[in-house]
Number of protein chains: 2
Amino acid sequence: MKNTKRAKLEAAGWAVGSVKKFLGLSEADEALINMKRGLSRSLRARRQQEGLSQVQLATRLRSSQSRVAKMEAGDPSVSMDLLVSSLLLLGATSADLAKAIRGGEKGKGRHAA
Amino acid sequence: MKNTKRAKLEAAGWAVGSVKKFLGLSEADEALINMKRGLSRSLRARRQQEGLSQVQLATRLRSSQSRVAKMEAGDPSVSMDLLVSSLLLLGATSADLAKAIRGGEKGKGRHAA
DNA sequence: TCATTCTATGTCATATGTGACATATCGTCA
DNA sequence: TGACGATATGTCACATATGACATAGAATGA
């Protein structure tokens, strides 16, 4: 992910209604991270449900154990594309993904609102 | 995103879903592309609803007109991350995104209401 | 016609993501 | 204890995505 994003935004000044817009952008960043978290959790859950090790999953995905670990850890270097396509390869439907994305909303353990 | 698969995809004309197996196109690939399509459409819809030109939107996103055009065109060079974060910046909620993703599901031919 | 605005498409330098590898930690079992 | 399997973390070469730019097409109005 872009760790320069915030810096760029701050440097930009953000002409119109700056403070409000800035907060909005911050929230957007947070939302994206939460969505990824939901996908990460879903990936780990599916893997474990299938009784696969990270190595086994990596083989299925034609990736590596370390990348699987990073996917599940929500590492910033992992794209949403990778998470989504991995979940799809594990048999998730787009409805499942939609759910995972919404499920990643806030803190874990919260009942859905 | 593997360019080889994309090339195959596009070379096929990407018409109907019957030849995909021969081209090595998995269900997962198809699903991912459909999800992106849903996001692309949603982005365009939101932009137009706000009465923004691509240039104006690009400015808001701190991107360029050409990239916005590519996002909306579903260009293979556009990542899901970019689509999602752009939509979030336009004020979409994760529920909206979940919907867009599921909306990108099936036949695009349907001139939906 | 020309001029303007909006959008599409191609290219490129550079930023970012990815798979692979090494290595560390942790738990389990003999 | 040592060995093994599973997971985490750091690094790197290479692949891919991104913003910026140029340019073209399409639509509108003078």
Side-chain angles (χ1 to χ4, degrees), chain A residues 1-9 11-12 14 25 28-29 32-33 35-37 39-41 43-89, chain B residues 1-11 14 28-29 32-33 35-37 39-41 43-90:
Chain A
M1 267 309 135
K2 303 179 180 178
N3 40 10
T4 58
K5 198 172 194 178
R6 177 158 306 188
K8 278 177 157 184
L9 293 171
W14 209 238
L25 290 167
D29 279 341
L32 181 62
I33 289 171
M35 289 172 61
K36 285 196 183 182
R37 230 204 307 269
L39 295 171
S40 294
R41 290 194 193 128
L43 183 67
R44 168 161 289 182
R46 279 189 179 264
R47 176 178 65 80
Q48 290 176 337
Q49 199 168 351
E50 301 246 348
L52 298 171
S53 69
Q54 289 183 347
V55 172
Q56 289 174 312
L57 177 55
T59 301
R60 277 203 197 180
L61 302 179
R62 296 166 189 264
S63 180
S64 60
Q65 179 268 326
S66 58
R67 189 130 301 269
V68 170
K70 279 160 191 164
M71 288 191 231
E72 292 184 355
D75 190 285
S77 82
V78 174
S79 74
M80 198 159 172
D81 293 73
L82 186 63
L83 286 167
V84 167
S85 55
S86 297
L87 278 161
L88 289 171
L89 284 175
Chain B
M1 194 83 24
K2 300 279 184 194
N3 255 343
T4 53
K5 282 183 181 175
R6 284 200 181 276
K8 286 175 182 174
L9 208 189
E10 288 163 354
W14 186 230
D29 291 321
L32 180 61
I33 288 169
M35 289 172 62
K36 284 196 186 184
R37 254 214 277 271
L39 294 172
S40 294
R41 291 197 194 124
L43 182 68
R44 169 160 289 181
R46 278 189 180 265
R47 177 177 64 80
Q48 290 176 338
Q49 199 166 357
E50 300 242 350
L52 298 171
S53 69
Q54 288 183 346
V55 171
Q56 288 174 311
L57 177 55
T59 301
R60 276 203 197 181
L61 301 179
R62 308 206 57 79
S63 179
S64 60
Q65 179 268 327
S66 58
R67 190 129 301 269
V68 170
K70 280 158 190 164
M71 287 192 231
E72 292 184 354
D75 189 286
S77 81
V78 174
S79 73
M80 199 161 172
D81 293 73
L82 186 63
L83 285 167
V84 167
S85 55
S86 297
L87 278 162
L88 288 171
L89 286 175
L90 272 180

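As the structure is a prediction and not an experimental result, all values here were calculated from the model. Every chain is numbered from 1 and lettered A, B, ... according to where its sequence line falls, protein lines coming before strand lines.
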To the nearest Å, give me how far apart [atom1] ([X]) and [atom2] ([N]) are.
| X | N | atom1 | atom2 | result |
| --- | --- | --- | --- | --- |
| A:Met71 | D:dT9 | CE | C1' | 15 Å |
| A:Asp81 | D:dA15 | CG | C1' | 14 Å |
| B:Met80 | C:dT18 | CE | C1' | 18 Å |
| A:Leu61 | C:dG17 | CG | C1' | 16 Å |
| B:Glu72 | C:dC6 | CD | C1' | 11 Å |
| A:Lys36 | C:dT16 | NZ | C1' | 11 Å |
| A:Arg44 | D:dT7 | CZ | P | 8 Å |
| A:Leu43 | D:dT7 | CG | P | 12 Å |

message = Please give me the minimum heavy-atom distance between A:Ala58 and A:Ser64, naming the atom from each residue.
response =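 Distance-wise, the nearest heavy atoms are CB-C, 3.3 Å.
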
ask   = In Å and rounded to the nearest 0.5 Å, what is the CE to CD1 distance from A:Met35 to A:Ile33?
value =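 Result: 12.0 Å between the selected atoms.
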
[X]: side chain to side chain donor-acceptor pair (under 3.5 Å) partners, not counting sequence neighbours:
| X | answer |
| --- | --- |
| A:Ser63 | none |
| B:Gln65 | B:Gln54 |
| A:Ser85 | none |

Does [X] reach the side chain of [Y], with side-chain heavy atoms less than 4.5 Å apart?
| X | Y | value |
| --- | --- | --- |
| A:Leu87 | A:Arg46 | yes |
| B:Leu57 | B:Met71 | no |
| B:Val78 | B:Lys36 | no |

What protein N or O atoms touch nucleotides 25-30 of chain D N or O atoms at under 3.5 angstrom, if any, and at what distances?
none

Partner residues of [X] under the side-chain contact (heavy atoms from CB on, under 4.5 Å) criterion, sequence neighbours left out:
| X | value |
| --- | --- |
| B:Gln56 | B:Leu52, B:Ser53 |
| A:Ser40 | A:Leu83 |
| B:Ala28 | A:Leu88, A:Leu89, B:Ser26 |

Enumerate all atom pairs, one protein N or O and one N or O from nucleotides 28-30 of chain C, separated by less than 3.5 Å.
none

query = Does any residue of residues 46-58 of chain A have a heavy atom under 4.0 Å from DNA chain D, and if so, which ones, in number order?
reply = A:Arg47, A:Ser53, A:Gln54

ask   = Does anything in residues 55-67 of chain A pair up under salt bridge (Lys or Arg N to Asp or Glu O under 4.0 Å), and if so which pairs, sequence neighbours excluded?
value = A:Glu50-A:Arg60

request  = Could I get the full list of salt bridge (Lys or Arg N to Asp or Glu O under 4.0 Å) partners for A:Arg47, not counting sequence neighbours?
outcome  = A:Glu72

ask   = In residues 63-70 of chain A, what residues come within less than 4.0 Å of DNA chain C, judged by heavy atoms?
value = A:Ser63, A:Ser64, A:Ser66, A:Arg67, A:Lys70

